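Everything on this sheet refers to the single structure shown next.
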Amino acid sequence: MYKSKTCGELTARDVGKTVTLAGWVHRRRDHGGLIFIDLRDRFGLTQVVFNPQTAPDAHRVGSDVRNEYVIQVTGVVEKRPAGQENHALATGEIDVHVTAAQILNAARVPPFVINKNEDVDDALRLTYRYLDLRRERMLKNLTLRHRVVKFMRDWLDARGFIEIETPILTKSTPEGARDYLVPSRVHPGKFYALPQSPQQFKQLLMVAGYERYFQIARCMRDEDLRADRQPEFTQLDLEMAFVEQDDVLNLVEELFTALVKQVAPERTMQTPWRKFTYDEVLDKYGSDKPDLRFGMELTNVSDIAANSQFAVFKNALAAGGQVKGICVPGCADYSRRETDELIEIAKAKGAKGAVTMALRADGIHSPASKHLTPEEQNAYVERLGGQVGDLLLFVADQPKVVGDALGALRKELGARLKLADPNALAFAWVVDFPMFEWNAEEARWDAAHHPFTSPKPSDMHLLDTDPGAVRANSYDMVCNGYELASGSIRIHSRELQAKIFSLLNIDEERQRARFGHMLEAFEFGAPPHGGMAPGIDRFVAILASEDNIRDVIAFPKNQWAQDLMMHAPSDVDADQLQLLHLQIVHPESQAQYGLDKP
RNA sequence: GGGGGCGUGGUGUAGUUGGCCUAACACGCGGCCCUGUCAAGGCCGAGACCGCGGGUUCGAAACCCGUCGCUCCCGCCA
């Protein structure tokens, strides 16, 4: 070993000991005589002192080193002179008086500052990720991530779950997200796919009788990136047999409640978690993953507007629509430009506009005032609980448009006005999702969650008559405006599964080709089962107060799915392609082959 | 595929109603001084044709057009 102690463990109890430390030069303070170096390793910082009088050779080494040099020092732990302690440092009571030192490796001047947590261009951070990872921020985040995963493993293990790995090379399922494909060398023209999730495998493990399975599972989806979406990400994938919806929910709620108490005890959390139906959250928040750290709920005023002479409201209601509003605290003095901006947000979500009502000390100011009676205006104010100083926003349209528009405004204004307590974790369940969504483009029903989700028994009779009204045994876990997990109770009957496939427009032949193994498995004694899959990257990002999941992933991709450090994706040799029976047709030359651009 | 934001020494920013910019500040970097600092201090110094290309103008970091890169969002994410 190059070291006898780490840089994070020496205290006053170690005074007098001779120790050897090794690490990186975090910071160097050269007094001409004495040199102080904060030596860094993963475990902390220790101040080492070079004295030219007592150890001239070592002092010469101390003079030569620069930031980020890797050095090894041997010396004696001494108590710092009274008043010279550094209370910001765990090892601040002592320092190590160096008797011998050597440079293990020199370092170029780094492209950005390692010893400070200052914002650096993301592309530069990703290009030199191994340097970025040296910084305290990333070390903290990855350590937190480790603790989260460790807790999950231990907690589930203690409850009889076992962790089982499932294949990374598997089969393409064209439903859902785009697959990452891997060409087969042995089978010309055939491809594996990387898993979008271990969904089918975990269900088959239930058929196999494992009853309680989990996996820290990597999932890959070839879709465009966002701050909370990477092409590969990690889920706590879990599945249980002989359970109903509440069994899964209770278990996961217990797990996360205990987890937060353990790894982030300073965060506040409301327990038990709130529970909404899908219809309720859309009605109240205009989103299926609302940030519940603040109110500003969507309030229906259709009944008041029913008697209105205001054409915007009247026409929307006549067309079967609704009128809803939100009360934005303290924004009555918004300028025309600011309210126009808000109206643009509503328009971007398909609304024709938004009606503003500013509640100022001298009365109500609204572009719609001349169309509204004072009684009507007062009724709106009262319904929304508006106070002087508030700004009311109304949208009149079909329910989906109203929800989308006001939901977007609520989200934007919540962020702008900093309404959310950054220390709070507002967990909630959303249940009773619809089973199907109408795909207008393809003129068919799509699975809202996935095709293995079971319908609610109470809605089973609607499958043939009104698929759009069927609710599923599926549920989401949301937190602070993020969807943290989805899950469902699965289908375990062959007949029902085949029926759902058919409703999803998958004919019998394709059922056999794509999902024959699932249907067959259900013929061999499949138990009732269900589960869910919380996203670990998103959860850790929330705990770490990071806006982008990149900051809780060691080696993430940039927005164009590139690894700027490894330079992936990259060209491959012609031989490699030949071996895989592949030929590349670049987009610019597709036209000459008579192919459409993708 | 579409929309917004950003791009100025190694890093982070200022400058952006065209002229005082021969581009400022902090950190970092190099040298010298300095024996208790810990964001050490003091002095000196190097380092940027302002992402790139074109244009407007007597004059462009700034305005216009194009382009590239990064980023956020919409679409997409069973």
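Worth saying up front: this structure is predicted, and the values here are computed from it rather than measured. In the text below, chain A, chain B and the rest are named by the order of the sequence lines, each starting its count at 1.
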Over how many whole Å does the gap from [X] atom [atom1] to [N] atom [atom2] extend?
| X | N | atom1 | atom2 | result |
| --- | --- | --- | --- | --- |
| A:Asn117 | B:rG12 | CG | P | 14 Å |
| A:Asp122 | B:rC72 | CG | P | 7 Å |
| A:Asp119 | B:rG5 | CG | P | 20 Å |
| A:Phe233 | B:rC76 | CZ | C1' | 14 Å |
| A:His449 | B:rC77 | NE2 | P | 15 Å |
| A:Asp121 | B:rU8 | CG | C1' | 13 Å |
| A:Arg125 | B:rG12 | CZ | P | 11 Å |
| A:His59 | B:rU37 | NE2 | C1' | 13 Å |

As a test of reading the structure: which of [options] is closest to the side chain of [X], going by heavy atoms?
| X | options | answer |
| --- | --- | --- |
| A:Leu126 | B:rC73, B:rC29, B:rU71 | B:rU71 |
| A:His450 | B:rG36, B:rU71, B:rA78 | B:rA78 |
| A:Glu118 | B:rG12, B:rU71, B:rA78 | B:rG12 |
| A:Asp30 | B:rA78, B:rC77, B:rC34 | B:rC34 |
| A:Gln559 | B:rC72, B:rC77, B:rG36 | B:rC72 |
| A:Arg226 | B:rC74, B:rA78, B:rU35 | B:rC74 |
| A:Gln47 | B:rG36, B:rC34, B:rC70 | B:rG36 |
| A:Ala123 | B:rC72, B:rU37, B:rC70 | B:rC70 |
| A:Ala227 | B:rA78, B:rC73, B:rC38 | B:rC73 |
| A:His97 | B:rA78, B:rG36, B:rG28 | B:rG36 |

Opposite nucleotide pairing with [N], Watson-Crick or G-U, both atom distances under 3.5 Å:
| N | answer |
| --- | --- |
| B:rC6 | B:rG69 |
| B:rC49 | none |
| B:rC76 | none |
| B:rC63 | B:rG55 |

- Closest nucleotide of RNA chain B for A:Asp228 versus for A:Pro451: which of these residues is on the 5' side?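 That would be A:Asp228.
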
- Query: Which residue lies toward the 5' end of RNA chain B, A:Glu437 or A:Leu89, if each is placed at its nearest nucleotide?
  - Reply: A:Leu89

- Message: Quick test of your reading of the model: are A:Asp132 and A:Arg125 salt-bridged, counting only N-O distances below 4.0 Å?
- Response: yes

- Message: One thing to verify: whether A:Arg178 and A:Glu223 come together as a salt bridge, which I'm taking to mean a side-chain N less than 4.0 angstrom from a carboxylate O.
- Response: yes

- Message: Can you tell me how the ring of A:Phe452 sits relative to the ring of A:His450, calling it parallel under 30°, perpendicular over 60° and tilted otherwise?
- Response: tilted

- Take the angle between the ring planes of A:His31 and A:Phe36 and call it parallel below 30°, perpendicular above 60°, tilted in between.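 Judged by the thresholds at 30° and 60°, the geometry between A:His31 and A:Phe36 is perpendicular.
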
Does [N] have its OP1 or OP2 closer than 4.0 Å to a side-chain nitrogen or oxygen of [X]?
| X | N | result |
| --- | --- | --- |
| A:Arg27 | B:rA39 | no |
| A:Arg28 | B:rG28 | no |
| A:Arg221 | B:rA78 | yes |
| A:Arg29 | B:rA40 | yes |
| A:Arg108 | B:rG10 | no |
| A:Asn548 | B:rC72 | yes |
| A:Arg66 | B:rG30 | yes |
| A:Asn558 | B:rG69 | no |
| A:Gln562 | B:rC70 | yes |
| A:Gln196 | B:rA78 | no |

- Item | A:Tyr69 OH: over 12 foreign heavy atoms closer than 6.0 Å | yes

- Query: Would one find more than 12 heavy atoms of other residues, nucleotides or ligands at under 6.0 Å from atom CG of A:Asp571?
  - Reply: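 Open: at most 12 neighbouring heavy atoms sit under 6.0 Å from CG of A:Asp571.
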
- Query: Is A:Phe36 stacked on the base of B:rU37, meaning ring centres closer than 5.5 Å and planes within 30 degrees of each other?
  - Reply: yes

- Item | Trace of the salt bridge (charged side-chain N to carboxylate O under 4.0 Å, His left out) decision for A:Arg229 with A:Asp224 | CA-CA 8 Å; A:Arg229 274 163 37 188; A:Asp224 289 336; over 6 Å; no

- Item | Whole-angstrom distance between B:rC50 and B:rC63, as gauged at atom C1' | 15 Å

- Query: Step by step, would you call A:Arg336 with A:Asp340 a salt bridge (charged side-chain N to carboxylate O under 4.0 Å, His left out)?
  - Reply: CA-CA 6 Å; A:Arg336 174 66 191 268; A:Asp340 279 352; 3.2 Å; yes

On the side chain of [X], is there an atom forming a donor-acceptor pair with the base of [N] - under 3.5 Å, no angle test?
| X | N | answer |
| --- | --- | --- |
| A:Asp224 | B:rG75 | yes |
| A:Asp95 | B:rG36 | yes |
| A:Arg229 | B:rC77 | yes |
| A:Gln84 | B:rU37 | no |

- Taking it one step at a time, do A:Thr91 and A:Phe43 satisfy side-chain contact (heavy atoms from CB on, under 4.5 Å)? CA-CA 11 Å; A:Thr91 60; A:Phe43 306 96; over 6 Å; no

- Task: Pick base, sugar-phosphate or nothing for A:Pro111, based on heavy-atom distances below 4.0 Å to the nucleic acid.
- Result: sugar-phosphate

